[in-house]
Amino acid sequence: MSVRVRYAPSPTGEPHVGNIRAALFNWLLARHEGGTFILRIEDTDQARIVPGALEAIFDSLRWLGLDWDEGPEVDGPHSPYFQSQRLEHYHQASEQLIAADAAYRCYCSPERLEEVRAEQMRYKQPPKYDRRCRKLSPGERREREAEGIAPVVRFKTPLSGQTTFHDLVRGDVTFENDTLDDFVLLKSDGFPTYHLANVVDDHLMGITHVLRGDEWVSSTPRHVLMYQAFGWQPPVLAHLPMILGPDRAKLSKRHGDTSILQYRDKGFLPHALFNFLGLLGWSLDDKTEIISRQDFVRHFSLERIVKNPAIFNIEKLTWMNGAYLRELGLDELTEQLAPFLEKHLPADISRPIDLPYLRRVVPLIQERIKRLDEAPELTDFFFREGELTYPTEHLLGKRFVDQPQQAAEALAAVRERVAALDRWDEENLENTIRPLAEELGLKTGELFGAIRVAVTGRTAAPPLFETMAVLERERCLERLGAAIARLRGV
RNA sequence: GCCCCCGUCGUCUAGAGGCCUAGGACGCGGCCCUUUCAAGGCCGAAAUCAGGGGUUCGAAUCCCCUCGGGGGCACCA
């Protein structure tokens, strides 16, 4: 039978790293097996739905290149893929369980449940529903019904025995049934809980493998019990190790950026994030770090998923992103960079950015950035028209401390020599300036340093001659002139 | 409190009884390259394989216990 897996987020916010990692593994399994990747929206909690969250889910998946074969927008044989539009199925399933004496209606008020829980906590007992309505007589049942209380439907969990399931990553896991309680299947507003909806839909949609986060293992026995009560074959289960924050707690908003879209906005490349996330809990072998999407698909296997949780290591992600950035073609990188420059370059720099010009500065920063959003800060002097801002001491460096006049003379010599160039390119610039250093009795580094500051305003910048070539003659002469004037004014 | 899971360098991991005096990567330190900054290359520090018992000729690998960490225990997913 062909593999059918699903990613089933609830639209309660932007998908975060752990969540999308589960989506990634499901997608990889589907693609590796030539199976089907399904997107299903679990919008059964009316109160928690966040506007825009749905779009964020689509954007996150698309940005990472995780295309779904069935689901919203593409539709499919099991449409609709929104649980809020599948209520009949859950109602029917719930009736089926009630008829089979595997579920019952419960009329207890939320207040009473809260009291029961509080009481149990007080005596250090595990908080569990006390099953009051499970034992209701037909008469009592009719009474509640007559009061017009909207009931919930609860699952009739076996009071004894144990439930074992086989997990592909963890092996057999066993729970004592008496540690489980009669959980809710259908809420009083007529919507199903996750437990019901997920089991019903996984069955109806023919899901063969459920790969989800480790936080779900404790509710898995409930699901297994439900499959048994329905007489259905449960899917293969595999619980993925969780992704932790630096404090080893489950990764969450308080650890900072956890939304996939935030990583996009910070200038991470989708392939880099894909690669990084794919290596969180899975590995190809003992040495491979950079893995193409094709190779991930080719080699992905459930057997190589590890059990232990992983701390999200942003440093390594950043390194990996730099590696991917360096592999990008000139046009591709230029295109990626443009929006970041448009957005983050100082406001006084005129827009739109000149793309052919940008294309010339890109090679100068390609191996100097690890994230796209670092580019504006590194390149603003390439785009700035007026005077540069920098401390005059930088012009002096170590060599010219207390000798601004000497520095001015050196720069003036450079300016004069370079102004006479018939062709303003890297080679000519270097062939002119390098010998001049010796002529002036300066070390190349000393002279170049002063020029660098004059021309870029920075002590650290891309290679000098390439930089000057890109900046063009006019801008360089002007900046050299400004620096000389500054030094003479001191 | 109860249940479940996990435990190899700081971090991600390789390791499925002898190949391990434990390998790779990030990060860190040094050196080389070099006009600065990067990138790159080389070298290095860094794990008594959580601890303790077994099993075995032999254990990071199998078993047990302890400790530590995490997750779950809603009319949320």
Side-chain angles (χ1 to χ4, degrees), chain A residues 8-12 19 42-45 47-48 106 108-110 113-114 117 120-129 150-154 167 170 173-176 178-181 183-189 191-195 197-198 213-221 239 241-242 244 246 248-250 276 279-290 303-304 306-320 322-323 326 364-370 378 397 430 433-434 437 443-449 451-453 456 458-465:
Chain A
S10 66
T12 51
N19 209 260
E42 309 225 326
D43 53 352
T44 55
D45 186 350
R48 294 209 313 156
C106 166
C108 294
S109 67
L113 296 177
E114 192 41 58
R117 242 190 315 271
Q120 289 162 332
M121 296 296 248
R122 201 155 42 241
Y123 290 97
K124 303 230 183 251
Q125 296 294 311
K128 290 195 300 188
Y129 174 55
V152 302
V153 174
R154 285 180 185 275
D167 186 295
R170 264 147 241 286
V173 182
T174 302
F175 286 78
E176 294 295 329
D178 65 10
T179 63
L180 273 26
D181 70 348
F183 55 96
V184 173
L185 298 173
L186 212 55
K187 300 180 257 184
S188 58
D189 64 0
F191 279 74
T193 58
Y194 169 81
H195 304 301
N198 135 80
D214 208 24
E215 65 267 36
W216 293 105
V217 327
S218 54
S219 44
T220 304
H239 287 94
M242 297 206 304
L244 275 26
R248 302 202 153 273
K250 185 174 169 179
F276 179 74
L279 250 21
L280 238 37
W282 183 87
S283 62
L284 176 60
D285 55 28
D286 58 345
K287 49 177 68 73
T288 314
E289 302 288 343
I290 303 291
E303 292 70 45
R304 289 191 65 81
V306 298
K307 303 177 203 293
N308 44 309
I311 292 173
F312 189 85
N313 186 188
I314 187 98
E315 310 258 82
K316 184 158 180 177
L317 202 212
T318 304
W319 161 76
M320 192 172 275
R326 271 169 256 133
L364 303 190
I365 60 161
Q366 181 154 21
E367 61 189 34
R368 291 176 175 75
I369 55 173
K370 288 189 165 131
L378 247 46
E430 178 154 14
I433 298 175
R434 197 176 281 279
K443 287 189 194 162
T444 49
E446 294 166 349
L447 213 219
F448 296 178
I451 304 172
R452 176 175 300 108
V453 173
T456 69
R458 314 278 170 100
T459 49
L464 186 58
F465 306 116

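All chains are named by letter (A, B, ...) in the order of the sequence lines, taking the proteins before the strands, and each is independently numbered beginning at 1.
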Return the nucleotide paired to [N]: Watson-Crick means purine N1 to pyrimidine N3 with N6-O4 or O6-N4, wobble means G-U with N1-O2 and O6-N3, both under 3.5 Å.
N      : answer
B:rG1  : B:rC73
B:rA46 : none
B:rC33 : none
B:rA25 : B:rU11
B:rG58 : none

Please write out the pairs of protein N or O atoms and N or O atoms of nucleotides 5-16 of chain B separated by less than 3.5 Å, giving the distance to one decimal.
unit_1: B:rC5; atom_1: O2'; unit_2: A:R170; atom_2: NH1; d: 2.7
unit_1: B:rU11; atom_1: OP1; unit_2: A:R248; atom_2: NH2; d: 2.8
unit_1: B:rC12; atom_1: OP1; unit_2: A:I311; atom_2: N; d: 3.1
unit_1: B:rC12; atom_1: O2'; unit_2: A:L279; atom_2: O; d: 3.3
unit_1: B:rC12; atom_1: O2; unit_2: A:K316; atom_2: NZ; d: 3.3
unit_1: B:rU13; atom_1: OP1; unit_2: A:G281; atom_2: N; d: 2.9
unit_1: B:rA14; atom_1: OP1; unit_2: A:S283; atom_2: OG; d: 3.2
unit_1: B:rG15; atom_1: OP1; unit_2: A:R304; atom_2: NH1; d: 3.0

Taking only the [atom1] atom of each, what is the distance from [N] to [M] in whole angstrom?
N      : M      : atom1 : answer
B:rA46 : B:rC9  : P     : 14 Å
B:rU66 : B:rC26 : C1'   : 34 Å
B:rU56 : B:rC49 : P     : 22 Å
B:rG10 : B:rU48 : P     : 8 Å
B:rG27 : B:rG15 : C1'   : 23 Å
B:rA60 : B:rA50 : C1'   : 12 Å
B:rG44 : B:rG23 : P     : 11 Å
B:rG72 : B:rA14 : C1'   : 31 Å

Pair of N/O donor and acceptor under 3.5 Å linking B:rC3 base with A:T179 side chain: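 Answer is no: no donor-acceptor pair is held.
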
For the pair made of [atom1] in [X] and [atom2] in [N], what is the distance, rounded to whole Å?
X      : N      : atom1 : atom2 : answer
A:E367 : B:rU34 : CD    : P     : 15 Å
A:K250 : B:rA77 : NZ    : P     : 14 Å
A:I290 : B:rC26 : CD1   : C1'   : 11 Å
A:F183 : B:rC3  : CZ    : C1'   : 15 Å
A:M242 : B:rA77 : CE    : C1'   : 15 Å
A:Q125 : B:rC3  : CD    : P     : 12 Å
A:D167 : B:rG71 : CG    : C1'   : 14 Å
A:W216 : B:rA77 : CH2   : C1'   : 4 Å

With heavy-atom distances below 4.5 Å as the criterion, would you say the side chains of [X] and [Y] are in contact?
X      : Y      : answer
A:V152 : A:S188 : yes
A:S219 : A:F183 : no
A:F276 : A:F312 : yes
A:T220 : A:F175 : no
A:T44  : A:Y194 : no
A:M320 : A:L279 : yes
A:K187 : A:T193 : yes

Give one of base, sugar-phosphate or nothing for [X], where a contact means two heavy atoms less than 4.0 Å apart.
X      : result
A:T288 : nothing
A:P221 : nothing
A:R458 : nothing
A:P11  : nothing
A:T459 : base

Where the side chain of [X] is concerned, which of [options] is the nearest nucleotide?
X      : options                : result
A:R154 : B:rA77, B:rU35, B:rC75 : B:rC75
A:Y194 : B:rA77, B:rG71, B:rU36 : B:rA77
A:W319 : B:rC37, B:rC26, B:rC4  : B:rC26
A:R326 : B:rC37, B:rA77, B:rA39 : B:rA39
A:V184 : B:rA74, B:rA38, B:rG1  : B:rA74

Side-chain N or O of A:T44 less than 4.0 angstrom from OP1 or OP2 on B:rA77? yes

Hey, is the side chain of A:R117 poking within less than 4.0 Å of OP1 or OP2 on B:rC75, counting only N and O atoms? yes

For A:S283, does its backbone N or O pair with a side-chain atom of A:R304 as donor and acceptor, under 3.5 Å? yes

Specify the residue among A:L317 and A:P462 whose closest nucleotide of RNA chain B lies further upstream toward the 5′ end. A:L317

The answer to which of A:S109 and A:P126 contacts RNA chain B further toward the 5' end, by nearest nucleotide, is A:P126

Can you label the angle between the A:F465 ring and the A:F448 ring as parallel, tilted or perpendicular, going by 30° and 60°? perpendicular

Could you work out, with side chain to side chain contact (heavy atoms under 4.5 Å, CB included) as the rule, every residue matching A:N19, not counting sequence neighbours? A:Y7, A:P9, A:H16

